[in-house]
Protein chains: 2
Amino acid sequence: MNSLSSDVRLPLYQRLRDHLAQQIANNRWRPGEAIPTEAALSAEYQLSTGTVRKAVDALVSEGILERQQGRGTFIRRPQFQSSLFRFFRFQTAAGERQVPESRILSIEPVTAPSAVAQALGLPLEAPVIRIVRVRLLEVQPVLAEEIWLPRSRFQALLEIDLNRQGPLLYPIYEEVCGQVVAYAEETLTAESVNHLHARLLQVPVNSPVVVIERLARDYAGTPLEWRRSRGHAEHFRYSVDIR
Amino acid sequence: MNSLSSDVRLPLYQRLRDHLAQQIANNRWRPGEAIPTEAALSAEYQLSTGTVRKAVDALVSEGILERQQGRGTFIRRPQFQSSLFRFFRFQTAAGERQVPESRILSIEPVTAPSAVAQALGLPLEAPVIRIVRVRLLEVQPVLAEEIWLPRSRFQALLEIDLNRQGPLLYPIYEEVCGQVVAYAEETLTAESVNHLHARLLQVPVNSPVVVIERLARDYAGTPLEWRRSRGHAEHFRYSVDIR
DNA sequence: GAGTGGTCTAGACCACTCA
DNA sequence: GAGTGGTCTAGACCACTCA
């Protein structure tokens, strides 16, 4: 038997949700692992199954846990590939979806400019890593990306050859640095492309591009990565439901 | 006592949810009205309160109902103003938010071009209404909008002076035509502005604009309105959370 | 067949609203 | 003080998974 520490004025299901979220943030279980069964949680915290289910429901709807009937409830491994597809219609001539290739143009230790320091919650001129890359689909550049990481957590990236890895960075962050991206927030704007990005994207100067800024965080909410991606507006289409 | 008609293989809470959704779509209650209390629904359908709550929970999370503790559960009146603010940062110099004014440039009965007929689910060349307007903030145009409506439901709009109404069309649709917008789906892209829209928005030809296409539906899911809005990219900023 | 999550019951008691 | 939604209990039984 265990007990819930947080604010006693909150409902029990809320306190259990917070307690579980805290343990997930502290890496008590790794992504893909199961948490204790509902019966075990009921017994451990002396709560009815209905109350336990309501706490687990909340974490499931937040995208942190994933239920599988008959098997258990698991820490969800985020699937950020799909978020990319929400924004861009990267398709081959045959119409199938495809993860764009990655070509790293540079990776280097630098000090954080003020916008980056602010986004990542670091002091000005804190040590960071800056990565510049383009994403390509059938030799055509579709996205130009600038990526900033706090050096304290990602030092190990400087010692490997990123161009020999797959096109997705988040699995590499997890394997090489033990850092798991749990959430992200994206902001979209549009602009006329400047000379530098026009060259990287192989489009005429001043054509319209979509700009996507993304701040990615770990389970505890600490910022892990800030990136700014630019893509030609022709490939861009984003849908959202409103109620 | 009443009984649920839908597929008996579905869980009871699901069948009650579908049953209530059907009645809402059939206008059994108007927006702002209360549905029966949980106790009344339990008695009417011979279900426990837990099951009734789960059905109501589903409709609440879909944005169709709204709970108010101690008062009741109400048909939600959609607040589409807020969706506009998610996309554009329309702000006065003082920083406060403001609904942009509306200036109707034209409203006329026409036949549906193929893209419009397809979006609204109408036959080609079906009778529709086309509205062109600009939205202004402190005399500055911020959005140029083209709006298409099925004439069968919106005929009454042709008989009033829209420029003597408020800037929001959805309350007018409800008051004048009895049509309630329940959901909408928006798609975002960007483009270089052409001569016509450059003039309406008072921006240089070829500057980047954001294009928002919106399909609005009633509670039954029938398309009510299709609109395409263009705004200068400088005023545009859209944020989304990803998990 | 043992173990898991999914559905459902029949309540009790609490917090809030409103006349 | 009557009526509403909000929380919580202590289960029972079902559907699914996996050895």
Side-chain angles (χ1 to χ4, degrees), chain A residues 1-21 24 29 31-77, chain B residues 1-21 24 29 31-77:
Chain A
M1 176 171 167
N2 207 325
S3 66
L4 298 170
S5 49
S6 63
D7 194 336
V8 292
R9 292 167 303 182
L10 293 173
L12 288 171
Y13 75 87
Q14 183 68 261
R15 294 170 63 198
L16 178 57
R17 180 234 158 263
D18 293 346
H19 184 73
L20 291 172
I24 293 166
W29 308 284
E33 280 183 23
I35 65 167
T37 67
E38 299 184 346
L41 291 172
S42 299
E44 184 173 0
Y45 298 99
Q46 297 284 295
L47 297 170
S48 77
T49 60
T51 302
V52 169
R53 281 190 72 79
K54 207 164 170 184
V56 173
D57 278 347
L59 292 167
V60 168
S61 77
E62 289 171 56
I64 294 175
L65 295 178
E66 187 172 16
R67 283 210 181 89
Q68 293 186 33
Q69 188 176 2
R71 302 221 311 127
T73 301
F74 302 84
I75 309 291
R76 190 160 165 237
R77 193 181 297 274
Chain B
M1 174 170 168
N2 207 322
S3 66
L4 298 170
S5 49
S6 64
D7 194 335
V8 291
R9 293 167 302 183
L10 292 173
L12 288 171
Y13 75 88
Q14 183 68 261
R15 293 169 65 197
L16 178 57
R17 179 233 160 263
D18 293 347
H19 183 75
L20 291 173
I24 293 166
W29 309 282
E33 280 183 23
I35 64 167
T37 68
E38 299 184 346
L41 291 171
S42 299
E44 183 173 1
Y45 298 99
Q46 297 284 294
L47 297 170
S48 77
T49 60
T51 302
V52 169
R53 280 190 72 78
K54 208 165 170 183
V56 173
D57 278 345
L59 292 167
V60 168
S61 77
E62 289 170 57
I64 294 175
L65 295 178
E66 187 172 16
R67 285 210 180 89
Q68 292 186 32
Q69 187 175 2
R71 302 221 311 128
T73 301
F74 301 84
I75 309 292
R76 190 158 166 237
R77 192 180 298 275

Could you list the protein-to-nucleotides 12-17 of chain C atom pairs, N/O on both sides, closer than 3.5 Å?
from   : atom 1 : to      : atom 2 : distance (Å)
C:dA15 : N3     : B:Gln69 : NE2    : 3.2

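As rounded to whole Å, 10 Å separates atom C1' of D:dG6 from atom CG of B:Asp57. Counting to the nearest Å, the P atom of D:dT4 and the CD1 atom of B:Ile35 are 12 Å from each other. In this structure, the CZ atom of A:Arg53 is 14 Å from the P atom of C:dT4, given to the nearest Å. For the pair A:Leu59 CG and C:dG5 P, the interatomic distance rounds to 14 Å; values are reported in whole Å. Straight-line distance from the CZ atom of A:Arg9 to the P atom of D:dT7: 16 Å, rounded to whole Å. For B:Gln14 and C:dG6, the CD to P distance is 14 Å, given to the nearest whole Å. Rounded to an integer number of Å, the gap from CD of B:Glu38 to P of D:dT7 is 11 Å. One can place CZ of B:Arg15 at 13 Å from C1' of C:dC8, the figure rounded to the nearest angstrom.
Closest non-hydrogen pair, B:Trp29 versus B:Pro36, comes out as CZ2-CD, 3.6 Å. Pairing each heavy atom of B:Ala21 with each of B:Leu59, the nearest pair is CB-CD2, 4.2 Å.
Checking B:Ser48 against A:Arg67, the closest nucleotide of DNA chain C that is more toward the 5' end is the one next to A:Arg67.
Side-chain atoms of A:Lys54 lie closest to D:dT7 of the nucleotides D:dT7, C:dG6, D:dG5. You'll find that the side chain of A:Leu12 is closest to D:dC8, out of C:dT7, D:dC8, C:dG6.
A close approach under 4.0 Å does occur between a side-chain nitrogen or oxygen of B:Tyr13 and OP1 or OP2 of C:dT7. Between B:Thr51 and C:dT9 there is a side-chain N or O to OP1 or OP2 distance below 4.0 Å.
Stem analysis of DNA chain D (Watson-Crick or G-U pairs, both distances under 3.5 Å, runs of at least three) returns C:1-18 with D:1-18.
When side chains are defined from C-beta on, B:Leu20 does not count as touching B:Ile64, because their heavy atoms never get closer than 4.5 Å.
Contact check on B:Asp57 versus B:Arg67 returns a salt bridge, with a Lys/Arg side-chain nitrogen under 4.0 Å from an Asp/Glu carboxylate oxygen. Under 4.0 Å is where a charged nitrogen must lie from a carboxylate oxygen, and between A:Glu62 and A:Arg17 at least one such pair does.
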